[in-house]
Amino acid sequence: MPRLLKSAIILGATPLLIGTLIYCTWRLERWDWLEDAGGITLALGFAAFVAGTIALIGHLWLESRGRRTTRGPLWLWGTLVGCLLLANFPAALFFGLSALRIKNPCTIRVFNDSDQTIDSLAVSGPGVRIDLGPVGPGRHVEQHLYPKSKGSLELSARQQGVQVDGRVDSYVTPGLGSDISIRIKPSGLFEVEAQRNIDRPGHETR
């Protein structure tokens, strides 16, 4: 295989493989240093794309001038290696957006301070819905929610035949982490507190 073509393949495949390895390992282990490694790989990957593109163009130019191969295989190799180089961009975008969404989830916590079981409790938002009930007296549950788009979070719960509906957060969006606590008081009131970058006062709903 010609040296320039081999270099283009290596420069296209290496950052793609390293980026995939970093992302998959981060999903499993969540080591903070992998985030820095991902940023470095992104920068080096762009440099590798530029160098690989130059190597591929050089290979195509030399081969077409030397006429050492037929036009069909030459442009087939050019298309395949070019797609490999370009594949780094959608992969980097997917890894970055996915990591951002996973790193900053919307965390929902439910505390049942009453003496009655919460028979059902669901929180729904843009493209998502999670069920956290039933929740026994004195118990609490926690789940992560990942909104698909911008919107609000709505609560729907039932306790001893009483239906409770309300809004728990007026604005959520992918990548914007928040902590939402839903506390059911002994009186039966549902107290909601949502926190993002700054604390916001809680509100109550029946």
Side-chain angles (χ1 to χ4, degrees), residues 15-43 45-46 86-113 117-136 139-159 163-185 189-205:
L16 186 62
L17 293 175
I18 293 177
T20 301
L21 178 61
I22 290 174
Y23 173 77
C24 293
T25 305
W26 179 82
R27 286 291 302 266
L28 293 174
E29 303 294 344
R30 303 295 175 87
W31 292 328
D32 291 338
W33 64 269
L34 287 174
E35 298 177 20
D36 296 331
I40 294 173
T41 302
L42 183 64
F46 181 77
L86 290 172
N88 282 275
F89 289 96
L93 181 63
F94 169 77
F95 294 153
L97 293 179
S98 177
L100 180 63
R101 184 178 69 88
I102 294 170
K103 184 181 178 181
N104 298 302
C106 180
T107 303
I108 311 293
R109 299 182 179 91
V110 178
F111 302 88
N112 187 2
D113 296 336
T117 297
I118 304 170
D119 301 310
S120 65
L121 192 151
V123 175
S124 58
V128 291
R129 174 188 168 93
I130 57 172
D131 294 302
L132 297 104
V135 184
R139 304 292 299 274
H140 77 275
V141 295
E142 175 180 327
Q143 284 196 39
H144 296 307
L145 181 145
Y146 302 96
K148 303 297 183 182
S149 60
K150 298 177 182 179
S152 60
L153 293 183
E154 307 294 333
L155 165 73
S156 178
R158 180 172 291 274
Q159 184 180 33
Q163 180 68 30
V164 178
D165 296 294
R167 177 164 295 178
V168 296
D169 200 343
S170 59
Y171 180 81
V172 293
T173 189
L176 179 63
S178 61
D179 290 297
I180 297 173
S181 296
I182 303 171
R183 189 174 295 275
I184 295 82
K185 294 185 173 183
L189 288 175
F190 279 58
E191 182 184 68
V192 178
E193 183 178 357
Q195 298 179 340
R196 286 198 288 269
N197 295 328
I198 59 174
D199 292 343
R200 300 189 309 172
H203 61 275
E204 294 184 355
T205 182

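Residue numbers run from 1 in the order of the sequence given. Quick caveat: nothing in here was measured; it's all calculated off a predicted structure.
Distance check: T173 OG1 to K148 NZ gives 12.5 Å after rounding to the nearest 0.5 Å.
Not a single donor-acceptor pair under 3.5 Å links the side chain of Q143 to the backbone N or O of T107. No donor-acceptor distance shorter than 3.5 angstrom exists from the side chain of N112 to the backbone of R139, with no hydrogens or angles considered. Checking side-chain atoms of D131 against main-chain N and O of A122 turns up no donor-acceptor pair under 3.5 Å.
Here the side chains of L121 and F190 are in contact, with some heavy-atom distance below 4.5 Å. S156 has its side chain within reach of D165: a pair of non-hydrogen atoms, C-beta onward, lies under 4.5 Å apart. When side chains are defined from C-beta on, Q159 does not count as touching V164, because their heavy atoms never get closer than 4.5 Å. At least one side-chain heavy atom of V123 sits less than 4.5 Å from a side-chain heavy atom of I182. D179 places a side-chain heavy atom less than 4.5 Å from the side chain of R109. Between I108 and V168, every side-chain heavy-atom pair lies at or beyond the 4.5 Å cut-off.
Between P134 and T117, the shortest heavy-atom contact is CB-CG2, 4.2 Å. Here the shortest heavy-atom pairing between P126 and S152 reads CD-O, 3.6 Å. Taking both residues in full, the closest heavy atoms of V128 and P147 are given as CG2-CA, 4.2 Å, listed atom of the first, atom of the second, then distance. Pairing each heavy atom of W31 with each of W26, the nearest pair is O-CD1, 3.6 Å. Residues P15 and T41 come closest through the heavy atom pair O-CG2, 4.1 Å. Closest approach of G125 to L153, counting heavy atoms only: CA-CD2, 3.6 Å.
Just one residue in the list K185, R183, E191 forms a side chain to side chain contact (heavy atoms under 4.5 Å, CB included) with D113, and that residue is R183.
Between Y146 and H144, the ring-plane angle classifies as tilted under the 30° and 60° cut-offs. Taking the six-membered ring where the residue is Trp, F89 and F46 present perpendicular rings, their angle passing 60° and hence far from 30°.
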